[in-house]
Amino acid sequence: MKSSPTISVLMPVYNTERYVAKAVDSVLSQTFTDFEFLIVDDGSTDNTLKILQAYASRDARIHLTSRENWGLTKSLNELLTHARGEFIARLDADDIALPERFEKQVQFLQEHPDVVCVGSALDWIDDRGQFIAHCPMPEGNDELQRLMLGGISLLHHPCAMIRRIALNQVGGYDETLPYAEDLDLWLRLGEIGNLANLKESLVLYRLHSQSLSHTRQDRLSSDALEACQRAWQRRGIQGEFIRQSEDHLVTYDFWLQRGWEGLAGGRRDAARRCGQRAIALKPWGRSGWKLLLASLIHPFPGSKLV
């Protein structure tokens, strides 16, 4: 009889009452069902804990703990000490895993023993869960490592599935880099094995103003630089930090680009929402109004609402 699950899902949660139910539902609805779901409520002050307690009472795969606030990185290491699965899957409490995510990532890792961590492409959604745009990712180890050594992490943490033995081998998450814990981990994992992304989108990644990536840009950049400098030293190379401090939510060009991509793909509603975001950031900018107008009046054969 099998004593441990194939996957341990790690989800630290803090004040996400608006989104956490959909995140939990997306895990419980996976086509691959051999997992344990480790959740820690990291000192939430809203109704998050009550929502999680209701789920835990209905599904024995959920192991829920609650305590004072420690922060994301310490919480991940705490959950890791309890994990029993061969693979570690991450998901944030404001994102959504698509139904076949676990199945496809487990199959990939089983077929590629040289890969210690696999992510995927993702689809951006807004705070209401509405589609914004598709976000492809580099798939191969060489390209991923090149970008990461420059500070650009294109293996998104909520999409990651990691071999637990490899994660323990590198010492888990570095709590001295709480705002670049994922980039630092990928760099260390990349020194003992290969990294990869699957081509298809397996996660809906939510962009909203309360997200960590939106509220801590300066610290994100400084921690990323430190993670890269440590990696350069470990690997004995002269690296170049090419990361730019950029927040999608406050970047006018990001919303314009996503909007025109959506319009070209017949996603009229997504284009309209992107135009509205661009206008909110720069009401005097002609390009945002042009995008909004185009989303409202231009005919596109076979266009569809998202």
Side-chain angles (χ1 to χ4, degrees), residues 15-19 22-23 92-96 98 119-138 147 150-159 179-180 182-183 197 199-222 224 241-306:
N15 283 355
T16 52
E17 63 178 358
R18 182 177 177 184
Y19 309 117
K22 289 189 176 181
D92 286 340
D94 51 0
D95 298 327
I96 297 171
L98 295 178
S120 73
L122 56 87
D123 288 341
W124 283 305
I125 58 174
D126 65 15
D127 55 351
R128 295 176 294 172
Q130 295 179 313
F131 178 83
I132 296 172
H134 173 66
C135 180
M137 294 291 171
L147 292 168
I152 301 174
S153 181
L154 291 182
L155 199 163
H156 275 29
H157 205 182
C159 303
Y179 297 97
D182 50 352
L183 173 62
N197 276 316
K199 184 175 183 178
E200 60 263 55
S201 292
L202 297 180
V203 169
L204 304 181
Y205 185 88
R206 197 181 302 271
L207 298 176
H208 60 92
S209 59
Q210 283 73 48
S211 64
L212 179 62
S213 59
H214 176 69
T215 57
R216 296 290 187 271
Q217 284 298 308
D218 291 342
R219 184 64 188 273
L220 276 166
S221 293
S222 62
F241 193 68
I242 58 176
R243 175 192 176 105
Q244 295 181 350
S245 180
E246 184 176 276
D247 182 353
H248 297 324
L249 290 173
V250 295
T251 305
Y252 185 68
D253 289 342
F254 169 82
W255 293 107
L256 291 179
Q257 185 176 355
R258 300 289 85 76
W260 288 113
E261 288 173 356
L263 201 56
R267 296 183 292 271
R268 190 182 298 276
D269 266 11
R272 174 180 54 79
R273 292 192 293 272
C274 289
Q276 292 170 333
R277 289 290 190 104
I279 291 168
L281 291 169
K282 194 183 292 186
W284 60 90
R286 295 178 61 185
S287 296
W289 290 102
K290 182 179 179 181
L291 171 61
L292 179 60
L293 184 62
S295 72
L296 294 172
I297 66 174
H298 275 227
F300 285 87
S303 64
K304 59 181 180 180
L305 298 180
V306 175

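Nothing fancy with the numbering, it's 1 onward along the sequence. For clarity, every value in this text was computed on a predicted model and none was experimentally measured. Atoms considered below: every heavy atom in the structure, side chains included; atoms not considered: hydrogens, waters and symmetry mates.
Within the 3.5 Å criterion, the main-chain N or O of Pro158 finds no donor-acceptor partner in the side chain of Asp182. Looking only at distances, a side-chain donor or acceptor of Arg268 sits under 3.5 Å from a matching main-chain atom of Ser295. No donor-acceptor pair closer than 3.5 Å links the side chain of Asp94 to the backbone N or O of Arg206. Within the 3.5 Å criterion, the main-chain N or O of Leu293 finds no donor-acceptor partner in the side chain of Arg272.
Trp289 CH2: 12 or fewer foreign heavy atoms inside a 6.0 Å radius.
At least one side-chain heavy atom of Trp260 sits under 4.5 Å from a side-chain heavy atom of Leu291. Considering only heavy atoms from C-beta on, Trp284 stays 4.5 Å or farther from Ile279 through its side chain. With contacts defined as side-chain heavy-atom distances shorter than 4.5 Å, the pair Tyr19/Ile96 does not qualify.
The shortest heavy-atom contact between Ile132 and Asp126 is CD1-N, 3.6 Å. Residues Arg258 and Ala133 approach most closely at CD-CB, 3.3 Å, considering heavy atoms. Here the closest non-hydrogen pair linking Asn197 and Pro138 is ND2-O, 2.9 Å. In terms of heavy-atom proximity, Ser120 sits nearest to Glu200 at CB-O, 3.6 Å. The two atoms that bring Arg267 and Glu261 nearest to each other are NH2-O, 3.7 Å, heavy atoms only. For the residue pair Tyr252 and Arg286, the shortest heavy atom distance occurs at OH-N, 4.2 Å.
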Verdict with reasoning, Asp123 to Ser201, per side-chain hydrogen bond (donor to acceptor under 3.5 Å, both in side chains): CA-CA 6 Å; Asp123 288 341; Ser201 292; 3.0 Å; yes
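Among residues two or more places apart in sequence or in another chain, the side-chain hydrogen bond (donor to acceptor under 3.5 Å, both in side chains) test is passed with His157 by Arg90, Tyr173, Glu181.
Residue Cys159 forms a side chain to side chain contact (heavy atoms under 4.5 Å, CB included) with just one option from Asp92, Leu122, Asp95, and that option is Leu122.
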